[in-house]
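Working notes, structure below.
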Amino acid sequence: MELPRNHPTSGDGHEASSSRRENKKFQRHTFEQIQRLEEFFRNCTHPDDDQREQLCRELGLDANQIAFWFQNKRTQNKIQNERAENIALHQLNESIRGENCLMRETLKNVVCPTCGGASIPEEERQLNLQRLRQENAYLKQENDKVANLVSKYKGKPLSLIKSLAPVVGSSQNLSPGCSLNHVIARSPPLSLNLTNTAIAYQFNENVKMERALMKDIAATAMEELIKLFQINKPVWMKSPTDGRYLLNRDNYNKKFPKANHFRTSCARVESSKDSGVVHISAAYLVDMFLDFNKWEDLFPTIITKARTIEVLESGMIGNRSGCLQLMYEEMHILSPFVLPRDFYFLRHCQQIELGTWVIADVSYNFTKGSFVRQPQSWRLPSGCMIEDMHNGYSKITWIEHLAVDDNTQTHRLYRDLICSSVAYGAERWIVTLQKMCERFHCLMNGLVTLPEGKRSLMTLSQRMVKNFCGMLSMAGNLDFPQLSEVDDTGIQVSVHTSTEIGQPHGTIVSVATSLWLPLSTQTILNFFKDEKTRVQWDVLSNGNPVHEIAYISTGTHPENRISIIRPFTPTEDNMLILQECYIDPLGSFIIYAPVDMQILNVAVSGEDSSNMSILPSGYMISRDGRPEMGGTCGSLLTVAFHILVSSPTTSKQMNTELVATVNTLISSNVEKIKVALNCSGLD
């Protein structure tokens, strides 16, 4: 007789499993329930029993559901806060790391007891020796190639030909990466015609090899950039503090492994991604990007110089797909305290589908002459995707990715702005491009009636802005030591002789300084825009009130405009002021210049303004790059004057007197601004 087993029947098992599945079902809260819970959570994160009972009655939920929801919400908030704190600590770590590098570099600048000069650290000495060994091996290899070619063509013994080979490139100063082309091009001619033929053959072969190398580098950069546009997570992460997209370095290095370009302790990487819509067709914008003059005009507040070195591929007619150029550009922004950056880079354009282009930029180690300056920044695959929206607008997605060797430490005022990838980041390129595209379509508004006059006046004003931003770098001028300190930031003064078209000829003194103010950029701009407070900062009005007599809108924001300003009391020289004001999410500027009334009438009448002399001064306002703490924010203000000296400065004493005069001028101007903004007590 079998004992009964306690196994359920098949029907009972089915019912049990169905019951378990029903217990595992989760009830999703409705939108109204979540909205009410979110509202309550903002006021109270830990409700008591009575409050939970009240929510149960209002929302039709049981007590456990209410308790679980608040517990999950508290956990979620904790994770978000920890992530934000990690980002803030990371930025603080970068700032401390920069200060540490500065102290480390200072300790290295000790005097050698043997020669009295600066000592070279052992690590740097070993790197120099390694670089020299690589250079010697490269030169020996090139020497053997030429010797073999000469031997082949002449039919002489190799030992005899090798005695001629040192003539090639003798007394030349080669550096690593410098191709044999430059050496052969500067070498004295050999006495043997066939030898010259062999060298010419080698020269052509090296040119072909270098072109092939550039094409390969550009193609690899294009492939990486397209993948970066297509991938979001996990390569890109969104900052919880300001919502900007930054590269996740670990995930990026796994997907695109490559050696670090800079290996010093002060090396760092800047990365950013942003997108926006601009009022211009995609095909026309691609043509502008591939024309260095138009490229420079598109970004007058970022690019100070640009040129095309060589066009390797012109691209397909009609869409420019496949175009490849070797280009050079110099960039500078905001203040003399921000170091300029320059690049030799390859620009490659590819149409990836109908109406969509990708333009990729990547640095290239281009050797110019016998002296090769080591770059302080290196552009990793960067660029933009341009998508035609078929309504006169285009969507731009921009990626900026740089390696920076910060041996010359960034000034403390701008360290946060630059190290956070905001100063030269993707957002600045997008915002500037939007501004210029709006400018192209704003010829219909304002008090200047003639379209030709508007166009001529806008061209003159853009040249004024471009000249002002170019002078801010104070590069290539006769620099003087700082004569005073303003909040420990210093005043930069330079003197140079101008012979350029569009600038007054003679000696120009440039003076500039930057300072931090505990105010928003909008508050500072409102101060400069108010005609009633203009007498407190405008050195051209001599304390007299002024008023706007005409303007041209340059954008959708009402503050973006070009103005013609006249003093209420006419001056003897009939001087007017041409001024451009602009504001965007990153900052603002007011740039102005004195213009003779007769010259301005010529521009308003529609005549060419390209040869009209103009010497601008102005103010640049930007965010300080620091996270807002408790609702407070700060801004960085740059004050810059450019002054034409009536008589040439030849003696050192006269130069010193000029510098002292402009130093006093800008110091008093800064002090007046600080008093007017109630910031005079700042240290």
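Quick note: residue numbers are just sequence positions, from 1. Hydrogens, waters and symmetry mates play no part in the numbers below; they use all other heavy atoms, side chains included. Since this is a predicted model, take the numbers as computed values, not measurements.
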Inset, instruction - Establish, for the pair Arg341 and Trp378, whether the NZ or CZ atom is under 6.0 angstrom from the six-membered ring centre and no further than 45 degrees off its axis. - result: no
Legend entry - Leu413 to Leu636 - nearest heavy-atom pair and separation: O-CD1, 3.5 Å
Legend entry - Main-chain N/O of Gln522 paired with Asn526 side-chain donor or acceptor, under 3.5 Å: yes
Inset, instruction - Please answer whether the main-chain N or O of Trp429 pairs with a side-chain N or O of Thr432 as donor and acceptor at a distance below 3.5 Å. - result: no
Legend entry - Any donor-acceptor pair under 3.5 Å from Asp405 side chain to Gln376 backbone: no
Legend entry - Shortest non-hydrogen contact between Ala423 and Ile418, atoms and distance: CB-CG1, 3.6 Å
Inset, instruction - Could you tell me which non-hydrogen atom of Ala282 sits nearest to which non-hydrogen atom of Ser394, and how far apart they are? - result: N-OG, 2.9 Å
Inset, instruction - Taking all heavy atoms of Arg244 and all of Leu246, pick out the closest pair and write down the distance. - result: NH1-CD2, 3.5 Å
Inset, instruction - Kindly give the heavy-atom pair with the smallest separation between Leu417 and Arg623, and that separation in Å. - result: CD1-O, 3.5 Å
Inset, instruction - Would you confirm whether Thr356, through its side chain, and Glu353, through its main-chain N or O, come within 3.5 Å as a donor-acceptor pair? - result: no
Inset, instruction - Run the salt-bridge test on Glu270 and Arg379 with the 4.0 Å N-O cut-off and return the result as yes or no. - result: no
Legend entry - Side chain Gln65, main chain Asp62, donor-acceptor under 3.5 Å: yes
Legend entry - Ring-ring centroid check Phe528 Tyr619, cutoff 6.0 Å: yes
Inset, instruction - Look only at the side chain of Thr554 and the backbone of Asn560, and say whether a donor-acceptor pair between them is shorter than 3.5 Å. - result: yes
Legend entry - Under 3.5 Å donor-acceptor, Ser271 side chain and His401 backbone: no
Inset, instruction - On the 0 to 90° scale, with breaks at 30° and 60°, tag the His411-Phe337 ring pair as parallel, tilted or perpendicular. - result: parallel
Inset, instruction - Report yes or no: do Ser514 and Thr638 form a side-chain donor-acceptor pair below 3.5 Å? - result: yes
Inset, instruction - Check whether more than 12 heavy atoms from other residues, nucleotides or ligands sit under 6.0 Å from atom NZ of Lys73, and answer yes or no. - result: yes
Legend entry - Polar side chain donor-acceptor pair, Asn669 to Trp537, under 3.5 angstrom: no
Inset, instruction - Answer yes or no: does atom NZ of Lys529 have more than 12 heavy-atom neighbours from other residues, nucleotides or ligands under 6.0 Å? - result: yes
Inset, instruction - Hey, could you give me the NZ/CG distance between Lys254 and Asn248, rounded to the nearest 0.5 Å? - result: 8.5 Å
Inset, instruction - May I ask you to check whether Tyr245 and Trp236 place their ring centers less than 6.0 Å from one another? - result: no
Legend entry - Modelled atom types, side-chain donor and acceptor of Glu387 and Trp357, under 3.5 Å: no
Legend entry - Side-chain donor-acceptor pair present, Glu224, Tyr252, cut-off under 3.5 Å: yes
Inset, instruction - Show the numbers, then the answer: is there a salt bridge (charged side-chain N to carboxylate O under 4.0 Å, His left out) between Glu32 and Arg36? - result: CA-CA 6 Å; Glu32 290 77 12; Arg36 172 63 179 138; over 6 Å; no
Inset, instruction - Could you check Gln33 against Trp69 for side-chain hydrogen bond (donor to acceptor under 3.5 Å, both in side chains), going step by step and ending with a plain yes or no? - result: CA-CA 11 Å; Gln33 289 172 337; Trp69 189 92; over 6 Å; no
Legend entry - Within 45° cone of Tyr582 ring axis and under 6.0 Å: Lys435 NZ or CZ: yes
Inset, instruction - Check whether any side-chain N or O of Thr304 sits under 3.5 Å from a backbone N or O of His332 as a donor-acceptor pair, and report yes or no. - result: no
Inset, instruction - Answer with yes or no whether the side chains of Glu400 and Trp398 bring together a donor and an acceptor at under 3.5 Å. - result: yes
Legend entry - More than 12 heavy atoms of other groups within 6.0 Å of Leu354 CG: no
Inset, instruction - Please round to the nearest 0.5 Å and tell me the distance separating atom CE of Met331 and atom OG1 of Thr301. - result: 11.5 Å
Legend entry - Donor-acceptor contact present, side-chain Gln350 to main-chain Ser321, <3.5 Å: no
Legend entry - Main-chain N/O of Ala218 paired to Thr220 side chain as donor or acceptor, under 3.5 Å: no
Inset, instruction - Might you confirm whether atom CZ of Phe229 has over 12 heavy atoms from other residues, nucleotides or ligands at distances under 6.0 Å? - result: yes
Legend entry - Residue from Arg52, Arg57, Glu58 passing side-chain hydrogen bond (donor to acceptor under 3.5 Å, both in side chains) with Gln54: Glu58
Legend entry - salt_bridge(Lys273, Glu427) N-O dist < 4.0 Å: no
Legend entry - Lys258 atom NZ, over 12 foreign heavy atoms within 6.0 Å: yes
